[in-house]
Amino acid sequence: MQEPNDPVQADRVSFAAGIAEYNPQTDESVADVLKRADSFMYINKKHIKKREPVQEAWE
């Protein structure tokens, strides 16, 4: 693990997003879509930290 003041670590920037599409068969409200998108974002963040591909969110 790198030190907090390490310039290499300080320059690292990441971005995580969650995208979900409204499905009238399963979604009762916009809140359902946002919850799913939020879940996908956290899956993405987990993979970014581990530097792994983010395939499971798209399955």
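In this view, Ala37 and Ala20 satisfy the side chain to side chain contact (heavy atoms under 4.5 Å, CB included) rule, not counting sequence neighbours. By the salt bridge (charged side-chain N to carboxylate O under 4.0 Å, His left out) test, Asp38 pairs with no residue at all, sequence neighbours left out. A search for side chain to side chain contact (heavy atoms under 4.5 Å, CB included) contacts involving Lys49 returns nothing, not counting sequence neighbours.
Environment of OH in Tyr42: sparse, with no more than 12 heavy atoms of neighbouring residues, nucleotides or ligands closer than 6.0 Å.
If you take CE on Met41 and CG on Leu34, they are separated by 11.5 Å, rounding to the nearest 0.5 Å. If you take OG on Ser14 and NE2 on His47, they are separated by 14.0 Å, rounding to the nearest 0.5 Å.
A pairwise comparison of heavy atoms in Val33 and Asp27 identifies CG2-OD2, 3.5 Å as the closest pair. Summarising the geometry of Phe15 relative to Ile48, their closest heavy-atom pair is O-CD1, 3.1 Å, with the distance given to 0.1 Å.
Listed for the Arg36 side chain is a donor-acceptor partner under 3.5 Å among the backbone atoms of Glu21.
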